[in-house]
Amino acid sequence: MLSIALPKGRLGDKVYKLFADHGYPCAAMEQDDRRLVLRDEASGVQYLLVKPSDVAIYVEHGAADVGVVGKDVLLEGGNDVYELLDLGFGACNMCVAARVGFRENFSAPLRVATKYPNIAKQYYANNSREIEIIKLNGSIELAPILGLSDVIVDIVETGATLKQNHLEVTHTILPISARLIANKASMRFQAAAIQPLLTALTTQPMEGKNS
Ligand code: PRP
């Protein structure tokens, strides 16, 4: 069976719909239960429901053959996998944001709060700017409000979280979207299963069949 790691949650729901619309349905996915491995014998696929930030780890180690992951997670993890396809959804931007009207003090290291220390370090290294990273795991927008950091490096989708916390984007680092990734060995040994999936995902959806 081809093992596909899907991110649980918002992104995962969209990904599953995409797969179903392109000929890879899974009846078990429609049931609201706590199973983490869901099989579809007809298509020869099993879905592994994993935390979004863990998808690339499962794929890199071969626990899953392919997976769907945000470009943000992929860049941050630096995982040794093949990136096969930009799925085009989950679109947002990786940005630097600060309090509205913030003035940067260039004579001191910039204090950067983020869930993405590697992306932030790379960005500021490219700009020859000395920084201090404050690694957080969520609610990043709180950091500049409380004076814990000068700026944040985070994803911005609608911009609502920034706006409601009186922050604004000062720089856009790069656009982000969902990517289909594959384990390097699986690309050789499971090519007969991965190639049809790739073809299906890059052709028109099978409208009405699974929706
Ligand atoms: C993400 C991100 C921002 C927010 C951006 O947080 O870290 O906080 O979404 O979305 P917006 O521009 O549409 O407001 P997430 O919801 O993943 O929660 P977190 O704060 O726990 O990371």
Side-chain angles (χ1 to χ4, degrees), residues 4-19 29 32 34 36 47-60 64 67-79 81 83 85-102 104 109-127 129 131-181:
I4 305 179
L6 291 188
K8 283 198 287 187
R10 260 189 301 176
L11 182 60
D13 295 341
K14 284 186 190 169
V15 177
Y16 169 63
K17 179 156 187 345
L18 177 88
F19 277 57
M29 199 78 83
D32 190 15
R34 300 283 299 167
L36 300 174
Y47 293 95
L48 313 175
L49 305 184
V50 310
K51 216 172 142 61
S53 53
D54 290 341
V55 167
I57 300 171
Y58 280 83
V59 173
E60 180 176 18
V68 174
V69 64
K71 182 69 177 175
D72 52 334
V73 175
L74 206 50
L75 279 174
E76 182 61 26
N79 304 87
V81 295
E83 191 179 317
L85 207 59
D86 182 347
L87 296 172
F89 58 82
C92 53
N93 286 303
M94 182 65 65
C95 294
V96 180
R99 271 174 291 124
V100 173
F102 169 73
E104 191 169 335
L110 189 69
R111 296 172 306 149
V112 181
T114 187
K115 272 190 287 194
Y116 304 96
N118 294 328
I119 293 174
K121 279 180 202 165
Q122 185 65 55
Y123 172 70
Y124 284 105
N126 291 345
N127 287 281
R129 179 70 167 104
I131 61 164
E132 177 197 335
I133 291 279
I134 297 146
K135 166 82 169 73
L136 296 176
N137 299 300
S139 302
I140 315 297
E141 292 82 359
L142 263 178
I145 295 173
L146 301 178
L148 175 63
S149 75
D150 299 313
V151 299
I152 62 174
V153 166
D154 200 10
I155 52 170
V156 177
E157 191 179 352
T158 62
T161 312
L162 289 185
K163 196 165 180 214
Q164 286 172 24
N165 290 288
H166 313 292
L167 306 176
E168 63 185 4
V169 170
T170 57
H171 303 282
T172 297
I173 300 178
L174 82 162
I176 301 292
S177 56
R179 308 295 160 101
L180 183 74
I181 58 170

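Read the numbers this way: they start at 1 and go in the same order the structure lists the ligands and their atoms. Everything quoted here is computed from the prediction, not taken from an experiment. Sequential numbering from 1 along the given sequence is applied to the chain's residues.
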- Item | Where at least one partner belongs to residues 171-181, residue pairs that pass side-chain hydrogen bond (donor to acceptor under 3.5 Å, both in side chains), sequence neighbours excluded | Glu83-Arg179, Asp86-Ser177, Ser177-Arg179

- Query: Any sub-3.5 Å donor-acceptor pair from Glu168's side-chain atoms to Ala98's backbone N or O?
  - Reply: no

- Query: Under the salt bridge (charged side-chain N to carboxylate O under 4.0 Å, His left out) test, which residues partner Asp150, sequence neighbours left out?
  - Reply: Arg111

- Item | Asn118 and Gln122 side chains, donor-acceptor separation under 3.5 Å | no

- One should read off an interatomic distance between Phe19 CZ and Leu6 CG, to the nearest 0.5 angstrom, of 6.0 Å

- Heavy-atom contacts under 4.0 Å to ligand 1, chain-then-number order, include exactly Arg10, Lys115, Gly138, Ser139, Glu141, Asp154, Ile155, Val156, Glu157, Thr158, Gly159, Ala160, Thr161

Would you be so kind as to tabulate the donor-acceptor pairs closer than 3.5 Å made by side chains of residues 139-147, with sequence neighbours excluded?
none

